[in-house]
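Keep in mind it's a predicted model, so treat the numbers as computed, not measured. Convention: sequence-line order gives letters A, B, ...; per-chain numbering from 1.
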Protein chains: 2
Amino acid sequence: MRIPKEENTEKKILAAAREVFHRKGFEGARMQEIADLAGVNKALLHYYYRDKQKLFHAVFRETFPAMIREMTVIFSTDEPLETKISNFFNRHISFLQQNSYIPYFIISSLQQNHQELPEMLKNANPSPYALIRKQLDQEQRSGITEEDFIQFYLNLLSLSVFPFLAKPLIANIFDLNDEDYQSLMEKRKKVLPELLIKSIPKK
Amino acid sequence: MRIPKEENTEKKILAAAREVFHRKGFEGARMQEIADLAGVNKALLHYYYRDKQKLFHAVFRETFPAMIREMTVIFSTDEPLETKISNFFNRHISFLQQNSYIPYFIISSLQQNHQELPEMLKNANPSPYALIRKQLDQEQRSGITEEDFIQFYLNLLSLSVFPFLAKPLIANIFDLNDEDYQSLMEKRKKVLPELLIKSIPKK
DNA sequence: TTACGATTTAACCATTTGATTAAACCATCT
DNA sequence: AGATGGTTTAATCAAATGGTTAAATCGTAA
């Protein structure tokens, strides 16, 4: 058994693949570009991951659950609702600031017919839907319907995720540089809780 | 001069290209698929549009302004603010219901380095930014800063557009079929104005 | 009808790109 | 040292894909 190199090659490849797939999606990514970024011969990608699909899946299997976890972390604590929402935006936007390509990666992956991914949702642990049902039941006191809840959840995600998808467009319209945009997102952590909390029906 | 066929071939090609590029983006689209969908030999695409880039641009040049128009139509009337917002969501969501692939198309186009598109923004008529500045000046009475306004505008777009980008994900989490989703968006036309109007600082 | 130019097609070309192979490399063990 | 087996590379392949070309087709006008 050979001792692994200082920087495990397999992981270097995965990291490079993550980088490239996140930015360009499956169709836009090139095996050669991934190899170059990993500083490694192209044949090594196949040696470790067999083919492009499998390499992509390796990336997807670590990124998708991370995103789901971020999307559902709001249901994991027992804080008062207002605190929960506030915490959610703070944490979620921070996560997106440091992983700003993930939303595009997820959206573009699911847009293409990369199925067998509904599969991953069911296997997700914790299951988003289970968490959401539980949360919903707890809110029954205020007579919130399932549809109200879905709308609320859609709002939550829309407000936090969309600005990272539309950054190229928005930054251009308003002539914002990266720093401007960063500070816009920073302020958003405070603005969004206020906005969303107002929208909740008082019990 | 030849009389155009019953169904102008050039337009049939453009329509097919629109369909395919909208669903799959530039990288995912295949010239052969476009030709097949148009019911036409592949060489004809090159005859009319020279190469893939130019064909893509032909699509982009009609889709992008349509989306910008939809995004800025809110600034074009002189209704009271509440009416304006309500009208915007109604119209914008209806537009998205009938053009549900446009948001993904725009996002994926701008994500790839398809530059020279900042160019298109400036040439856009009416210019989004000019309209927005004008609107902003009118609101000065309530002391709204430019940053407040950008946040507001981001909210407006996030809430209406994101659900169409994330449909594959959301529909899976909540096990919604197309009809369910449609009715969800329908109700959104009423829910969103209430939500956003509450967020506006009273003068 | 014939000639002409615009339109359309089938066949082909060149490049890109994902994938394979055979050989080289190198650390460890005997 | 020499054998062994995992790792890496250079060279090559085959399929996919964007693009080209030369000939066929078709409507129109002379």
Side-chain angles (χ1 to χ4, degrees), chain A residues 1-61 105 108-109 111-116, chain B residues 1-61 105 108-109 111-116:
Chain A
M1 182 73 77
R2 185 178 175 177
I3 289 176
K5 301 277 283 280
E6 348 94 69
E7 293 290 341
N8 189 324
T9 309
E10 187 170 352
K11 282 181 184 167
K12 260 194 333 197
I13 291 175
L14 187 61
R18 190 186 305 128
E19 198 74 8
V20 174
F21 279 129
H22 279 192
R23 280 181 160 72
K24 316 214 165 167
F26 180 80
E27 297 281 357
R30 295 289 166 259
M31 295 297 270
Q32 187 60 59
E33 187 180 354
I34 294 172
D36 291 347
L37 187 60
V40 123
N41 188 290
K42 186 162 65 88
L44 269 192
L45 310 197
H46 294 94
Y47 176 75
Y48 282 108
Y49 293 94
R50 198 144 194 101
D51 61 29
K52 191 183 181 184
Q53 278 288 345
K54 300 228 172 48
L55 179 54
F56 175 83
H57 264 78
V59 171
F60 193 86
R61 267 196 301 272
F105 172 73
S108 75
S109 298
Q111 170 80 7
Q112 316 309 339
N113 260 1
H114 286 252
Q115 40 248 81
E116 91 253 32
Chain B
M1 183 72 78
R2 185 178 176 177
I3 289 176
K5 301 277 283 282
E6 349 93 68
E7 293 291 342
N8 189 323
T9 308
E10 186 170 352
K11 283 182 182 164
K12 259 192 336 196
I13 292 176
L14 187 61
R18 190 187 304 128
E19 198 74 9
V20 175
F21 279 128
H22 279 193
R23 281 182 160 72
K24 316 215 167 164
F26 181 81
E27 296 282 358
R30 295 286 165 261
M31 295 295 271
Q32 186 61 58
E33 187 181 355
I34 294 172
D36 291 347
L37 187 60
V40 125
N41 187 291
K42 184 163 67 87
L44 268 192
L45 310 198
H46 294 94
Y47 177 75
Y48 283 108
Y49 294 94
R50 197 144 195 99
D51 61 28
K52 191 182 182 185
Q53 278 287 347
K54 299 226 173 48
L55 180 53
F56 175 83
H57 264 78
V59 172
F60 193 86
R61 268 196 301 273
F105 172 73
S108 75
S109 298
Q111 170 79 12
Q112 317 310 336
N113 261 2
H114 286 253
Q115 40 249 76
E116 90 253 34

Specify the separation, in whole Å, of atom [atom1] of [X] and atom [atom2] of [N].
{"X": "Lys52(B)", "N": "dT16(C)", "atom1": "NZ", "atom2": "C1'", "result": "12 Å"}
{"X": "Glu27(A)", "N": "dA16(D)", "atom1": "CD", "atom2": "P", "result": "14 Å"}
{"X": "Ile13(B)", "N": "dT9(C)", "atom1": "CD1", "atom2": "C1'", "result": "13 Å"}
{"X": "Met31(A)", "N": "dA14(D)", "atom1": "CE", "atom2": "P", "result": "19 Å"}
{"X": "Phe26(A)", "N": "dT17(C)", "atom1": "CZ", "atom2": "C1'", "result": "12 Å"}
{"X": "Lys11(B)", "N": "dT7(C)", "atom1": "NZ", "atom2": "C1'", "result": "17 Å"}
{"X": "Glu10(B)", "N": "dA6(C)", "atom1": "CD", "atom2": "P", "result": "14 Å"}
{"X": "Leu55(B)", "N": "dT17(D)", "atom1": "CG", "atom2": "P", "result": "16 Å"}

Check side chain to side chain donor-acceptor pair (under 3.5 Å) between [X] and all other residues, then give those that pass, not counting sequence neighbours.
{"X": "Arg23(A)", "answer": "Glu19(A)"}
{"X": "Lys52(B)", "answer": "none"}
{"X": "Arg30(B)", "answer": "Glu27(A)"}
{"X": "His22(B)", "answer": "Thr63(B)"}

Can you tell me if the side-chain N/O atoms of Thr9(B) get under 4.0 Å from OP1 or OP2 in dT8(C)?
yes
Report yes if at least one side-chain N or O of Arg30(B) is closer than 4.0 Å to OP1 or OP2 of dA16(D); otherwise report no.
no
For the atom pair CD (Gln53(A)) and CG (Leu55(A)), what is the distance rounded to the nearest 0.5 Å?
10.0 Å
Exercise answer: donor-acceptor pairs, residues 35-44 of chain A side-chain atoms, under 3.5 Å, sequence neighbours excluded:
unit_1   : atom_1 : unit_2   : atom_2 : d
Asp36(A) : OD1    : Gln32(A) : NE2    : 2.9
Asn41(A) : OD1    : Ala43(A) : N      : 2.8

Would you indicate what Ala29(B) reaches in the nucleic acid, counting non-hydrogen atoms under 4.0 angstrom: base, sugar-phosphate, or nothing?
sugar-phosphate
Parallel, tilted or perpendicular: rings of Phe21(B) and Phe56(B) (30°, 60°):
perpendicular
Could you list by number each residue of residues 41-51 of chain B showing a heavy-atom separation from DNA chain D of less than 4.0 Å, or answer none if no residue does?
Lys42(B), Ala43(B), His46(B), Asp51(B)
